[in-house]
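Please read these numbers as outputs of a predicted model, since none were measured by experiment.
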Amino acid sequence: MTNTRSVSDAVINGWADCDAGPVALCLIQKLLPIDGPGGVIFPPTYKDIGYNIDQMSDGTKVATIDSVGSQANRLEPLFKRSSGVAPSGHRLAELVPQVTIVLGNGREVSLFDAGHRLGDAIVRSTRLKEAAREAFLAFLERGDAGPLAKLAPTSLVFGVWDSRDTSAKLPRILQAVIRAWNVDVLTRSAVYAPPVDYAALEVFSDDDKAKAEGDTKSPLAKRGFVHVPAGESPGGIVAHGDIIRTVTINLVALRRLNSSRDGDTVRRYLLGLALVVATEPADGFLRQGCLLTLDPAHPGAWQAVGRDGVRDTVTISSDEAWSYALAAAKAFGIESPETVAFDKEFAKADLADGAKKRVSRKPRP
């Protein structure tokens, strides 16, 4: 069953606060290759398996075009100060604290680029390590998500696991994934042809050339001095079914977050961040050979999914999400930008601490 209704700030607040409210918000978007339906696109390739393609019981093949982790890594950096004005015209950097880590070579790393977010080794290699540890322990020992939200709110939005220290693990509030349905896999072959005959130029002998051509392990082939044919390799896919991007905001996980300061304010703030980044116009350039756009014939629609399975279609524009998120951020209070230095001694100490933990975990004879 599906109903349709508009939303107000009061309705959104209810999503964050009311345990009897919807269990999730779900956005389904149909995507198209840049050259239209049936165009060839290139999924990511993974070690040992190539493309991640699953075959259903009816024989349908489903390809992962962008994983949950990859989507998170594309969305989280939208909150960076250096990203400037977002595609919608909103400055998402205003909504979150900006933490920058300065390396010894002058390079800077934003916390939004750290793969394990607040649980990343680079955080433990700065003076923020104690604040991060205390924030994780506050959640573990008291169920208080407030310190985490203050220090690194996107770690709550996209999920974080402090696997190498406190073991605190928080599920993603927002997750997104792109899959293509009913796909055929293509292959491609190629050959490299050098611009000149280096044997004729007496760089090496004709005999050396004959031995090296076609041998990809040959030093001459590796350096590009002879013809090198490339055998059959992944050549992309064609989707005969839909290419679907699914965005889910887990309201149950959100409402389980509490804070000693003001749980409603924390939850509304995090929901605002999730909504604003989910409604932000996406950059469809995922990788070489994979540029996707929205399908204008099938605009995406948000649905609030109730515990009883009833789906209410709701309209949440980027501007509406921004307005709500900005008000929620002001109510919560955003920390000032902070720049910290990478400390190699902290990094070395963390390595030593990790080695001690590995030894302590070894089973006794």
Next item on the list: For side chain to side chain contact (heavy atoms under 4.5 Å, CB included), just list the numbers for R124 and R164, CA-CA rounded to whole Å, side-chain angles, deciding distance to a tenth of an Å, and then say yes or no.
Entry: CA-CA 10 Å; R124 300 193 304 277; R164 294 168 177 84; 3.6 Å; yes

Note to self: Between R255 and C18 (side chain of the first, backbone of the second, donor and acceptor by atom type, cut-off under 3.5 Å), is there such a pair?
What the structure shows: yes

Next item on the list: Please say whether more than 12 non-hydrogen atoms of neighbouring residues, nucleotides or ligands are located less than 6.0 Å from CZ in R172.
Entry: yes

Notebook entry, point to check: Looking only at side chains, do S70 and S67 share a donor and an acceptor under 3.5 Å apart?
Noted result: yes

Check: Is the shortest side-chain N to carboxylate O distance from D283 to R74 below 4.0 Å?
Finding: no

Margin query: Can you tell me if R287 has over 12 outside heavy atoms packed within less than 6.0 Å of its CZ?
Written below: yes

Check: Charged N to carboxylate O under 4.0 angstrom, E232 versus R188?
Finding: no

Margin query: Between N258 and R267, does the side-chain hydrogen bond (donor to acceptor under 3.5 Å, both in side chains) criterion hold? Intermediate values first, please.
Written below: CA-CA 8 Å; N258 291 303; R267 288 188 291 270; 3.2 Å; yes

Checklist line | Pair K80 + D113, salt bridge at N-O below 4.0 Å | finding: yes

Check: Do S205 and D207 get their side chains close enough for a donor-acceptor pair, meaning under 3.5 Å?
Finding: no

Item checked: NZ/NE/NH1/NH2 to OD/OE distance under 4.0 Å, R268 and D17 -> yes

Item checked: Over 12 non-hydrogen atoms of neighbours within 6.0 angstrom of CZ in R223 -> no

Note to self: List the residues meeting ring pair (Phe, Tyr, Trp, His ring centres under 6.0 Å) with F225, not counting sequence neighbours, and say none if there are none.
What the structure shows: Y198

Checklist line | Residues in side-chain contact (heavy atoms from CB on, under 4.5 Å) contact with V99, at least two apart in sequence or another chain | finding: L111, L128

Notebook entry, point to check: After noting the C-alpha distance and the side-chain angles of T154 and E76, does the key distance pass the side-chain hydrogen bond (donor to acceptor under 3.5 Å, both in side chains) rule?
Noted result: CA-CA 7 Å; T154 60; E76 190 171 16; 2.7 Å; yes

Note to self: We want to know whether D262 and T265 form a side-chain donor-acceptor pair, criterion being a heavy-atom distance below 3.5 angstrom.
What the structure shows: yes

Next item on the list: Keeping the roles fixed (side chain from T126, backbone from V123), state whether a donor-acceptor pair exists under 3.5 Å.
Entry: yes

Next item on the list: For atom CD of Q55, decide whether the heavy atoms of other residues, nucleotides or ligands shown that lie under 6.0 angstrom number more than 12.
Entry: yes

Note to self: Between N250 (side chain only) and V252 (backbone N and O only), is there a donor and an acceptor less than 3.5 Å apart?
What the structure shows: yes

Next item on the list: Flag yes if more than 12 heavy atoms outside K61 fall under 6.0 Å of its NZ atom; otherwise flag no.
Entry: no

Check: Judged by modelled atom types alone, do D144 and S260 share a side-chain donor-acceptor pair under 3.5 Å?
Finding: yes

Check: Between D58 and T60, is a side-chain hydrogen bond (donor to acceptor under 3.5 Å, both in side chains) present by the stated rule, with each step listed?
Finding: CA-CA 6 Å; D58 63 358; T60 301; 2.9 Å; yes

Next item on the list: Establish, yes or no, whether the cationic atom of K209 lies under 6.0 Å from the six-membered ring centre of F204 and within 45° of the ring axis.
Entry: no

Notebook entry, point to check: Looking at E134, E335, E338, which hits salt bridge (Lys or Arg N to Asp or Glu O under 4.0 Å) with K150?
Noted result: E335

Margin query: Under 3.5 Å, is there a donor on one side chain and an acceptor on the other for D162 and H116?
Written below: no

Notebook entry, point to check: Looking only at atom types and distance, does a side-chain atom of T166 sit under 3.5 Å from a main-chain N or O of A168, one as donor and one as acceptor?
Noted result: yes

